[in-house]
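Notes follow once the structure below has been shown.
Ligands are counted one by one from 1 in listed order, and the atoms in each one are counted from 1 as well. Because the structure is a prediction, the values reported are computed rather than measured. We're numbering straight along the sequence, starting at 1.
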Amino acid sequence: MQKNTRNLTYCIKTYGCQMNENDSEKMAGILKNLGYQEEIDENKAGLVILNTCSVRENADQRVLGIIGSYKTVKKNNPDLILAVCGCMMQQPEIVASIKSKYPQVDLIFGTHNIHRLPEFLNNFSLNGNRMIEVWEDSDTIIEDLPVQHKYPFKAFVTIMNGCNNFCTYCIVPYTRGREVSRRPEKIIEEVQALADSGCLEITLLGQNVNSYGNDLEETVTFAALLKDLSQVEGIERIRFMTSHPKDLTDEVIETIAKYDKICNYIHLPIQSGSSRILKKMNRKYSREDVINRVEKIRELIPGVSITTDIIVGFPGETDQDHQDTLDLIKTCRFDSAFTFMYSIRTGTPAATMADQIPDAIKHQRLNECLEILRDLSHECNALYQNQIVKVLAEETSKNNPNRLSGRTETGKLVNFSAGQEAIGQIVHVKITTAKSFSLDGEMIEGD
Ligand code: SF4
């Protein structure tokens, strides 16, 4: 049976983190090499790929609902190939459920074998049989996959896969496997190629970039990698995420301070301000350790922006633990934070812990965090008032088609007046208004 040989168009829907976005860019690159074109309308595409995320359990339910809706899409477009991949597929019970309840899904694969996409498509077009292939883990990273980056001027570069930390609330170590670092020369090669193509900004990705290189035979630290990458001509900005507080060494902080291209911006997810809860989360640092790291960062990198992640309502979190979190947020003076209410993730140790916190209390604690963070963000942003900052102009502003938006090296969102031709350039902007979550400004000159 020959299926779908003519409609060589694809639509990839990506859920979750930047690692998933980067995987989707690789799948797009693979598909372009196979002669596919992007089609943003899923009803017209010949291939739809849902790249799923498993971090939150209700996200699983939402994606299953979306997969369900493809029953109708497929009725209208019977030649559509529906593929589902990503972290959700690393859970056998999810795959079993899709297998039995969602006949509209044609291809199922996981996070470790996206490079096999051409074979999956080829086999399916030859025999029309549903194909399921999920690898439990992988100790290698497939190199030299083509990548279709979303923007020409900025790109994600994955430097490692997996995580060894097993925070008790997190499913990632089960879905992405153990840490595997890419060889530094392959990363430098990729970044050099990006620079040659005109890319100005790279974001290095890993679940815990600070432990980069620990699994490689020769000693390569994350700091050493940063130093090497800052020598790549053409690259103007280097960002990275995520930085686990327990592994953020003085050497990394000193490297950020020393090399201009490494952005003065650190995302340092503390999760809680209570040492007792941090222990239950298996984070392997205390609130004192966080204070120590933040003091060191601020001492060595003046003007740095530090953001964080907070989970409120972790099992057993008392009022005092919550107060400790609020207090630590104020002490560290974070520029902003992603805040989450703890939600049960089946398959993780925290899911079966006693003393789950009622939703009403979680909501209240979340609001208290948000209130403090909003004031802090405003205070941090106010420091930019009347300053001239360099902004990478990224796109037309969402709220005003006559303005552009972009980011400072410290990660601040800036909306400013400038012509479309500035998109993709680093330009000087004078900040005229500092708001809580963004800055407004006027472009004063190109760079
Ligand atoms: S460090 Fe913790 S939260 Fe981050 S991916 Fe690993 S287990 Fe999950």
Check your understanding: Below 4.0 angstrom, N of the basic side chain to O of the carboxylate: do Glu201 and Arg237 qualify?
Key ->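 Looking at Glu201 and Arg237, the cut-off is met.
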
**Study point:** Check ion pair Asp289-Lys246 (N to O, under 4.0 angstrom)
**Key:**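 The answer is no: the pair does not qualify as a salt bridge.
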
Check your understanding: Can you list the steps and then say if Asp247 with Lys284 is a salt bridge (Lys or Arg N to Asp or Glu O under 4.0 Å)?
Key -> CA-CA 10 Å; Asp247 298 311; Lys284 301 193 182 88; over 6 Å; no

Please write down residue, atom name and distance for the protein heavy atom closest to [atom].
atom: atom 8 (Fe) of ligand 1; answer: Cys170 SG, 2.3 Å
atom: atom 3 (S) of ligand 1; answer: Tyr169 OH, 3.5 Å
atom: atom 2 (Fe) of ligand 1; answer: Cys167 SG, 2.3 Å
atom: atom 6 (Fe) of ligand 1; answer: Cys163 SG, 2.2 Å

Review point. Looking only at heavy atoms, what is the nearest atom pair of Ser24 and Thr14, with distance?
Key: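 Taking every non-hydrogen atom into account, OG-OG1, 2.7 Å.
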
Practice item. Please work out whether the ring planes of Phe109 and Phe120 are parallel, tilted or perpendicular, with thresholds of 30° and 60°. Key: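 The arrangement is tilted - the two ring planes meet at 30° to 60°.
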
Practice item. Report the C-alpha distance between Leu326 and Gln323 in whole Å, list the side-chain angles of each, state the deciding distance to 0.1 Å, and finish with yes or no for side-chain contact (heavy atoms from CB on, under 4.5 Å). Key: CA-CA 5 Å; Leu326 299 181; Gln323 288 306 322; 3.9 Å; yes

Check your understanding: For ligand 1, which part of Pro173 has a heavy atom less than 4.0 Å away: the side chain, the backbone, both, or neither?
Key ->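 The side chain, only.
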
Review point. Is Arg176 touching ligand 1 with its side chain, its backbone, both, or neither, if touching means heavy atoms under 4.0 Å apart?
Key: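 It is neither part, as no heavy atom is under 4.0 Å.
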
Give the numbers and elements of all ligand 1 atoms closer than 4.0 Å to a heavy atom of [X].
X: Asn165; result: 1 (S)
X: Val172; result: 5 (S)
X: Phe166; result: 7 (S)
X: His244; result: 1 (S)

Check your understanding: If you measure from each heavy atom of Gln271 to ligand 1, is any distance below 4.0 Å?
Key ->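 No, Gln271 has no heavy atom closer than 4.0 Å to ligand 1.
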
Exercise for review: Walk me through it: do Arg287 and Asp327 pass the test salt bridge (Lys or Arg N to Asp or Glu O under 4.0 Å)?
Suggested key: CA-CA 10 Å; Arg287 66 178 276 126; Asp327 183 69; 2.7 Å; yes

Check your understanding: Within 45° of the axis and under 6.0 Å from the centre of the six-membered ring of Tyr259, does NZ or CZ of Lys261 qualify?
Key ->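 No, Lys261 and Tyr259 do not form such a contact.
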
